[in-house]
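Because the structure is predicted, anything quoted here is derived from the model rather than measured.
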Amino acid sequence: KNITLAVGLELKKQLEESGYRVKMTRSTDVFIPLRGRVQFARKNEGDLFISLHADSIRDNTVTGASVYTLSETASDAETAKLVDRENKSDLIAGIDLSGQEEDVANILLDLATRDTMNQSKFLANTVVKSFAGRSLSILERPHRSAGFAVLKAPDIPSILVEMGYLTNRSEVARLSSPEHRRKIAAALKASVDTY
């Protein structure tokens, strides 16, 4: 939580210095439910939603960043476990289409979601290129997909950036370094610029 907040604050600073308007789901040590994060992004009419994570994995030799976009099925077994653990911490956000006929509502939601997913994939690919271009360690297959609850806003391109794994001691040392966190934030800012 400390590492992700530090990177988030650094990214906010870099983006605002370039003229972007940034809203953060949290700026202190508080827990925001997953549904609340999506609602926050939608309430603030976000153009992009970037969720920052530093997680753990059973294999302590794994190191490197990855980027996730929304998919109903996980891209691999390890991602499926990660999503299951993350999504259990809250309910999936919903959209009120109760005023529409069911068929119309389903079509509208499907169209909006499909376009948003395509934009999210484009943003994710720019993040992968930006990390690689700045010699930031990335996984072998860095762009992955899964049904993370925080990626479910149907109208806001959303990515989840796994900055590294806290189960790897060398990665913890890197993520604890302000210089390394600035480098991650700069890579993310460049991705937003490209997007």
Report summary line: Contacts of Lys189 meeting salt bridge (charged side-chain N to carboxylate O under 4.0 Å, His left out) (sequence neighbours excluded), chain-then-number -> Asp193
Requested in this report: Enter the distance from Asn118:CG to Leu123:CG here, rounded to the nearest 0.5 Å.
Outcome: 12.5 Å
Query raised in the report: Can any side-chain N or O of Lys23 pair as donor or acceptor with the backbone N or O of Gly46 at less than 3.5 Å?
Result: no
Report task. Could you state whether Leu136 and Val62 fall into the same hydrophobic cluster, counting links through intermediate Ile, Leu, Val, Met, Phe, Trp or Tyr residues with side-chain heavy atoms under 4.5 angstrom apart? Result -> no
Report task. Please determine, by modelled atom types, if Gln119 and Tyr195 share a side-chain donor-acceptor pair under 3.5 angstrom. Result -> yes
Query raised in the report: When clusters are formed by joining ILVMFWY residues with side-chain heavy atoms under 4.5 Å apart, either directly or through shared neighbours, do Val161 and Val172 land in the same one?
Result: yes
Query raised in the report: Can you hop from Leu160 to Val128 via hydrophobic side chains spaced under 4.5 Å?
Result: no
Report task. Spell out, as yes or no, whether a donor-acceptor pair under 3.5 Å connects the side chain of Arg37 to the backbone of Ile32. Result -> yes
Query raised in the report: Which atom names give the shortest non-hydrogen contact between Gln14 and Arg182, and what distance separates them?
Result: NE2-O, 3.3 Å
Report task. For a side chain to side chain donor-acceptor pair (under 3.5 Å) with Thr69, tell me which candidate from Arg144, His143, Lys121 qualifies. Result -> His143
Query raised in the report: How far does CG of Leu151 sit from OG1 of Thr116, to the nearest 0.5 angstrom?
Result: 11.5 Å
Query raised in the report: Is the side chain of Glu162 donor-acceptor paired with the backbone N or O of Asp55 at a distance under 3.5 Å, no angle test?
Result: yes
Query raised in the report: Quick one: does Ser177's side chain have a donor or acceptor within less than 3.5 Å of a partner on Ala173's backbone?
Result: no
Requested in this report: Any chance you could measure Tyr68, atom OH, to Ser120, atom OG, to the nearest 0.5 Å?
Outcome: 15.5 Å
Requested in this report: Please confirm whether the backbone N or O of Thr126 pairs with a side-chain atom of Ser130, one donor and one acceptor, at under 3.5 Å?
Outcome: no
**Report entry** Residues, nucleotides or ligands: over 12 heavy atoms within 6.0 Å of Glu45 CD
**Finding:** no
Query raised in the report: Honestly curious: do Ile156 and Leu52 fall in one hydrophobic cluster under the side-chain, below-4.5 Å linking rule?
Result: no
Requested in this report: May I ask whether Ile159 and Leu34 are part of the same hydrophobic cluster, defined by side-chain heavy atoms of I, L, V, M, F, W, Y residues being less than 4.5 angstrom apart, directly or through others?
Outcome: no
Query raised in the report: In chain order, what residues pass the side-chain hydrogen bond (donor to acceptor under 3.5 Å, both in side chains) check against Glu171, with sequence neighbours excluded?
Result: Thr63, Arg174
**Report entry** Donor-acceptor pair, side chain of Asn168 and main chain of Asn60, under 3.5 angstrom
**Finding:** yes
